[in-house]
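Below, chains carry the letters A, B, ... as their sequence lines are ordered, and counting in each starts from 1. Every value quoted in this text rests on a predicted model; they were computed, and no experiment measured them.
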Amino acid sequence: MTTSAIRVRFAPSPTGFLHLGGARTALFNFLFARHHNGTFILRVEDTDQERSTGDSIQAIFDGLKWLSIDWDEGPFFQSERLELYRKVADRLLSEGKAYRCYCTSEELEERRKESLAKGIPPRYDGRCRDRSNFSEKPHVIRFRTPDLPQVVVHDLIRGDMKFNGNLLDDWVIIRSDGYPTYNFAVVIDDLEMQITHVIRGDDHINNTPRQITLFNALEAPLPHFAHIPMIHGPDRAKLSKRHGATSVMAYHEMGYLPHALVNYIARLGWSHKDQEIFSRQELIDYFDLDHVGSSPAVFNPEKLLWLNAQYIRNEDPSTLTNELLPFLKPVQHPFSPSSDGQGPDLPKIVEGWKTRVRTLVELADAVHPFRDQEFSISAEAHEKHLIPENQPLILLFLQRFLTVSEWTKENLEAVIGTIGLEQDMKLGKLAQPLRAALTGQNVSPGIFDVLLLLGREEVLRRLDKALTLIGPNK
RNA sequence: GUCCCCAUCGUCUAGUUAGGCCUAGGACAUCGCCCUUUCACGGCGGUAACACCGGUUCAAAUCCGGUUGGGGACGCCA
């Protein structure tokens, strides 16, 4: 058995919550590591002192944890590794591969605007390259980009990408506050952590040539690069807050099952033949970079909903009930469906509902009328079924249910069957008004299950209430 | 503006690496039918795509070039 030396990392910056794109990047890295029996590392890129927050760090951990994307090493924080970056910067400085720059942000900003206005690519002009008078004034350290005609990025997903070398300028590696910049810290850490495969969003493609020249300056081997396409909103722009719910935890709150989201996200940009539904193990077994596409994907909430429904229906009732608990609304007026005073059997109610809902929030709403005497009646149910024409029918149900000897499925079937014969109505016609009166909805578990779930007393109470609602008529 | 990337049904995609098995397959959504002691679930079927133009080849969704369209990056952000 050969132990694979594959090492990958997810390197979020803690400037917000974990969003779908980040979650997918994390997932692909995680799956790649697990598939190859490698190591998955979590590294927090918190070198932006102004924007990084502790809340964001926590939010990212929460998101990963909810999705069960767990890491083997870390979390490492770049803010705790400043010495390392400083040391490498000093080495580059002493080797003449980097230099101090005293230009101020304001000056640079002005020059950038000028360039942009003239339509030429903004790049640092190198004016501090050869200055020899150092002072204690605030300064940054810049990388002395070597003259190269071309930098080629070998990408596992896109093949070779060629960049014109003289488009790269002398970029900042250490800021005036002593913190490293992104492009610098990434390279140093990927090197130090012996990352073998850099799997990240393709918004980083343009950074890669810079990073490669730095790897070369350090005489270090290059990792493999794999740039995965972005996730877009319906307007085909990069997914952002503008598009509504992009935080992973928002999906938690909306009642999605974590694995449904994982499954959905995995299929955005990756595929395995025609398969749509994957267990966690299948994801690990089948995942590979070869089948990651190169074009961006538009996020489709409808399909996510469908997937979530699949997972809800395939979950066993007791597990599902546990997941449902936090979503349940408080019960104001409890009732006991059975004569022994037992409360409603939640798993049983869930069982009846699970093929009819798509989220846990929907399930919580659906379950509520089976736990509480107070429940809302939907406008559709009211307008369609709780109407004067149905008043006699509901009254008839009320009368017959009153006299049923024992509240069993068989007896109820017999009673309703009889009513059907008498009225010359099929069950379809009978069940809907009954359903509306008992649950306030047009959709519910099978009508006999509803009757049993509620118990005679509650059924009679609700029919009576429905009659009141319809009002005296005819 | 400059650089880079991308391009199969409305959407996610299979097929592209090794051109023929593709009169292009699956899934979501949508439409219709069926099942059913009921709503839903489910089953069956329909509509719907290789962006465009050239080239290579006996043969191109697949290879090459260009056009168009879309996206991303151009920070002392990541």
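- For the pair A:Lys238 and B:A73, the criterion of a side-chain N or O lying under 4.0 Å from OP1 or OP2 is met.
- The same atom, P, is picked in B:C22 and in B:U2; the two are 44 Å apart, to the nearest Å.
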Problem set entry | Evaluation steps, side chain to side chain donor-acceptor pair (under 3.5 Å), between A:Arg144 and A:Thr213 | CA-CA 10 Å; A:Arg144 190 188 299 272; A:Thr213 55; over 6 Å; no

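- Defined by atom type and a distance below 3.5 Å, a donor-acceptor pair is missing between the side-chain atoms of A:Tyr264 and A:Asn300.
- The aromatic ring centres of A:Phe40 and A:Trp71 sit 6.0 Å or more apart.
- Looking at heavy-atom distances under 4.0 Å, A:Lys429 makes no contact with the nucleic acid at all.
- With hydrogens and angles left out, the side-chain atoms of A:Asp365 and A:His368 include no donor and acceptor closer than 3.5 Å.
- Across all strands shown, B:G32 pairs with B:C44; the Watson-Crick or G-U wobble distances both stay below 3.5 Å.
- When Watson-Crick and G-U wobble pairs are counted only if both distances are under 3.5 Å, B:U67 pairs with B:A51.
- Between the side chain of A:Asn207 and the base of B:A78, a donor-acceptor pair under 3.5 Å is found.
- There is no side-chain donor-acceptor pair under 3.5 Å between A:Ser294 and A:Arg158.
- Looking at heavy-atom distances under 4.0 Å, A:Ile447 makes contact with a base.
- The side chain of A:Arg236 contributes no N or O atom lying less than 4.0 Å from OP1 or OP2 of B:C6.
- Figure legend. B:G20 is base-paired to B:C58; pairs are counted as Watson-Crick or G-U wobble with both atom distances under 3.5 Å.
- Figure legend. B:C76 is base-paired to no nucleotide; pairs are counted as Watson-Crick or G-U wobble with both atom distances under 3.5 Å.
- With P as the reference atom, B:U11 and B:C74 are 28 Å apart, rounded to whole Å.
- Under the Watson-Crick and G-U wobble criteria, each requiring two contacts below 3.5 Å, nucleotide B:C39 is left unpaired.
- With ring centers used as reference points, A:Tyr182 lies under 6.0 Å from A:His204.
- The residue A:Glu413 sits close to a base: some heavy atom pair falls under 4.0 Å.
- With both ends at atom P, the span from B:A7 to B:G65 equals 14 Å, rounded to whole Å.
- Heavy atoms of A:Thr15 sit nowhere under 4.0 angstrom from any nucleic acid atom.
- Rounded to a whole angstrom, the distance from the C1' atom of B:C6 to that of B:U13 is 16 Å.
- Look at B:U11: its Watson-Crick or wobble partner, with both distances under 3.5 angstrom, is B:A27.
- Within 4.0 Å of A:Ser271, counting heavy atoms only, lie sugar-phosphate atoms of the nucleic acid but no base atom.
- For B:A49 and B:C3, the P atoms lie 36 Å apart once the distance is rounded to whole Å.
- Counting any heavy atom pair closer than 4.0 Å across all strands shown, A:Gly446 reaches a base atom.
- Remark: the separation of the P atoms in B:G32 and B:A73 is 43 Å, to the nearest Å.
- The A:Phe163 side chain lies nearest to B:C3 when the options are B:C3, B:U11, B:G1.
- OP1 and OP2 of B:A14 both lie 4.0 Å or more from every side-chain N or O belonging to A:Arg267.
- Using a 4.0 Å heavy-atom distance criterion, A:Ser295 is classed as a sugar-phosphate-only contact.
- Counting distance only, with no hydrogens placed and no angle test, the side-chain atoms of A:Arg123 and the base atoms of B:C74 include no donor-acceptor pair under 3.5 Å.
- At B:C4, none of the side-chain N or O atoms of A:His227 fall inside 4.0 Å of OP1 or OP2 (strictly under the cut-off).
- Nearest-nucleotide positions on RNA chain B place A:Met161 closer to the 5' end than the other of A:Met161 and A:Gln275.
- Taking side-chain N and O atoms only, A:Ser294 has a distance below 4.0 Å to OP1 or OP2 of B:A7.
- In the interface, the side chain of A:Glu276 is paired with the base of B:G26 through a donor and an acceptor atom under 3.5 Å apart.
- Among the heavy atoms of the strands lying under 4.0 Å from A:Val140 is at least one base atom, whether or not backbone atoms are also near.
- Taking the side chain of A:His232 as heavy atoms from C-beta on, and the options B:U13, B:A78, B:G71, the nearest nucleotide is B:G71.
- Rounded to whole Å, the C1' atom of B:U36 lies 32 Å from the corresponding atom of B:C12.
- Ring geometry for A:Trp171 versus A:Phe143: interplanar angle of 30 to 60°, hence tilted.
- Here A:His291 lies in heavy-atom contact (under 4.0 Å) with sugar-phosphate atoms only.
- At a threshold of 4.0 angstrom between heavy atoms, the contacts of A:Gly417 with the nucleic acid are absent.
- Taking atom C1' in both B:C33 and B:U47, the straight-line distance is 15 Å, to the nearest Å.
- Residue A:Arg313 has no polar side-chain atom (N or O) positioned under 4.0 Å from OP1 or OP2 of B:C41.
- Residue A:Phe448 is classed as a base contact, given a heavy-atom separation below 4.0 Å to a base.
- Side-chain to base pairing of A:Thr181 with B:C76: no donor and acceptor N or O lie closer than 3.5 Å to each other.
- A:Asp274 contributes a side-chain N or O that forms a donor-acceptor pair with the base of B:G25 under 3.5 Å.
- Within the nucleic acid shown, A:Val443 comes within 4.0 Å of at least one base atom, counting heavy atoms only.
- Counted by atom type alone, A:Gln150 and A:Asn164 present zero donor-acceptor pairs between their side chains at under 3.5 Å.
- Heavy-atom nearest nucleotides on RNA chain B were determined for A:Ser13 and for A:Asp169, and the one closer to the 5' end corresponds to A:Asp169.
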